[in-house]
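In what follows, a structure is listed as structure tokens, so that the remarks can point back to it.
Just so you know, these numbers come straight off a predicted model, no measurement behind them.
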Amino acid sequence: PHRMIPLRDTIPSNSFPFVTLALIVINTLIYFHEQSLGPAAERLVLQYGFVPARYLHVSHAEPWDLVGRFGPMLSSMFLHGGLLHLAGNMWTLWIFGDNVEDRLGKGRFLLYYLVCGLVAVYFHYLTGPTSGVPVIGASGAIAGIMGGYFVLFPRARMLTLIPIFIFVQIVTIPAVVFLFLWFMMQLVSGF
């Protein structure tokens, strides 16, 4: 799947994806702000990225400091580690998000996106609660959107670009195949 590039799906949207587009614009603007900081961007990532060890400390030392505990979980979803990280996440959001937003409605879609991101960050915390490395990116929220797409549109098909060495092939594959392969690649890279 990292070599498969989804171009579009076969499910037309019935409404304009305002929330999806707004999330893409916000993520992009924050990324360019982050890049404009130069060396100070590292401080931004440490402050607004999610650091499991800091969460562990704050949750024990100040359990009622909800902003200190949960703020970085939310803000980390809007930071990205590089242009390819941002582009991959935002392109995937654009491909899958419009249909999920169309089906769920604007408010429920935004809530679903945020909850998926928060759940992903929390599960990351559970795998390494003492880690001092900040976690950033919308990948967890995007994975949730892809999962929602899988459930809502099980028969959808994806127009997909597959580069094989110097040859480029565009094929239509079932979205469930693309999503399964993407999931497996995430699982393999996680281990």
Report summary line: Shortest non-hydrogen pair, G88 vs T92, comes out as O-OG1, 2.8 Å

Query raised in the report: Mind checking whether F50 and Y55 have parallel, tilted or perpendicular rings, split at 30° and 60°?
Result: tilted

Query raised in the report: Could you give the distance from CZ (F96) to CZ (F150), rounded to the nearest 0.5 Å?
Result: 11.5 Å

Query raised in the report: Within the distance-only criterion (no hydrogens, no angle test), does the side chain of S131 pair as donor or acceptor with the backbone N or O of G128 below 3.5 angstrom?
Result: no

Query raised in the report: Hey, what's the ring geometry for Y113 with F78, parallel, tilted or perpendicular (30° and 60° as the breaks)?
Result: tilted

Report task. Grab the two heavy atoms, one from V171 and one from Q169, that are nearest each other, plus how far apart they are. Result -> CG1-CG, 3.8 Å

Requested in this report: Would you please say whether a donor-acceptor pair under 3.5 Å links the side chains of D98 and S13?
Outcome: yes

Query raised in the report: Should L111 and I26 be counted in the same cluster of Ile, Leu, Val, Met, Phe, Trp and Tyr side chains packed under 4.5 Å apart?
Result: yes

Query - Hydrophobic cluster identity match, L66 and L114, side-chain contacts under 4.5 Å - result: yes

Query - side-chain contact (heavy atoms from CB on, under 4.5 Å) between D9 and R157, worked out - result: CA-CA 6 Å; D9 65 349; R157 300 184 64 77; over 6 Å; no

Report task. Would you name the heavy atoms of I145 and V100 that are closest together and state the gap between them? Result -> O-CG2, 3.7 Å

Report task. Quick one: closest heavy-atom pair of G49 and P72, and the distance? Result -> O-CB, 3.5 Å

Report summary line: Shortest non-hydrogen pair, H124 vs P52, comes out as CD2-CG, 4.2 Å

Query raised in the report: Just by distance, do the side chain of W91 and the backbone of P6 share a donor-acceptor pair under 3.5 Å?
Result: yes

Query raised in the report: Are any of the side-chain heavy atoms of P174 and M158 separated by less than 4.5 Å?
Result: no

Query raised in the report: Do you know the tightest heavy-atom contact between K106 and S15?
Result: NZ-OG, 3.5 Å

Query raised in the report: Would Y125 and V121 satisfy side-chain contact (heavy atoms from CB on, under 4.5 Å), going step by step from the backbone distance to the final call?
Result: CA-CA 6 Å; Y125 162 75; V121 169; 5.7 Å; no

**Report entry** Under 3.5 Å: donor-acceptor pair, side chain of S75, backbone of Y48
**Finding:** yes

Query raised in the report: Any side-chain heavy-atom pair from L29 and H33 closer than 4.5 angstrom?
Result: no

Requested in this report: Give a yes or no on this: more than 12 heavy atoms of other residues, nucleotides or ligands lie within 6.0 Å of atom CD of E42.
Outcome: no

Query raised in the report: With side chains defined as the heavy atoms from C-beta onward, is the minimum distance between F153 and R103 less than 4.5 Å?
Result: yes

Query raised in the report: Could you walk me through whether V168 and I162 pass the side-chain contact (heavy atoms from CB on, under 4.5 Å) check?
Result: CA-CA 6 Å; V168 175; I162 303 174; over 6 Å; no

Query raised in the report: According to a 4.5 Å side-chain heavy-atom criterion applied to Ile, Leu, Val, Met, Phe, Trp and Tyr, with indirect links allowed, do I11 and W94 form part of one hydrophobic cluster?
Result: yes

Report task. Check the hydrophobic clustering (I, L, V, M, F, W, Y; side-chain heavy atoms under 4.5 Å; chains of links allowed) and say if I95 and L152 are grouped together. Result -> yes

Report summary line: To the nearest 0.5 Å, atom CZ of F178 lies from atom OG1 of T172 at 13.0 Å

Query raised in the report: Is there a donor-acceptor contact under 3.5 Å from the side chain of R8 to the main chain of L159?
Result: no

Report summary line: Output for pair (I142 CD1, M77 CE), nearest 0.5 Å, gives 9.0 Å

Report summary line: Distance col, row M146:CE vs L179:CG, nearest 0.5 angstrom, shows 4.5 Å

Query raised in the report: Is R54 close to P134 at the side-chain level, that is, under 4.5 Å between some pair of heavy atoms?
Result: no

Requested in this report: Look at atom CG of L126 and say whether more than 12 heavy atoms of other residues, nucleotides or ligands are closer to it than 6.0 Å.
Outcome: yes

Query raised in the report: Does any N or O in the side chain of E101 come within less than 3.5 Å of the main-chain N or O of F18, such that one atom is a donor and the other an acceptor?
Result: yes

Query raised in the report: With distance as the sole test, does Y149 use its side chain to make a donor-acceptor pair with the main-chain N or O of N99 at under 3.5 Å?
Result: no

Report summary line: Between the CE atom in M90 and the CG atom in N27, the distance rounded to the nearest 0.5 Å is 3.5 Å

Query raised in the report: To the nearest 0.5 Å, what is the distance between CD1 (I136) and NE2 (H80)?
Result: 8.0 Å

Query - Verify same cluster id: V133, V51 (apolar side-chain graph, 4.5 Å) - result: no

Query raised in the report: What do the steps show when you test T160 against I170 for side-chain contact (heavy atoms from CB on, under 4.5 Å), and what is the final call?
Result: CA-CA 6 Å; T160 308; I170 297 177; over 6 Å; no

Report task. Answer yes or no: is there a donor N or O on one side and an acceptor on the other, between the side chain of D102 and the main chain of N14, under 3.5 Å? Result -> yes

Requested in this report: Please lay out, stage by stage, how F109 and Y112 fare under the test ring-ring contact (aromatic ring centres under 6.0 Å, His included).
Outcome: CA-CA 5 Å; F109 173 76; Y112 177 71; 7.3 Å; no

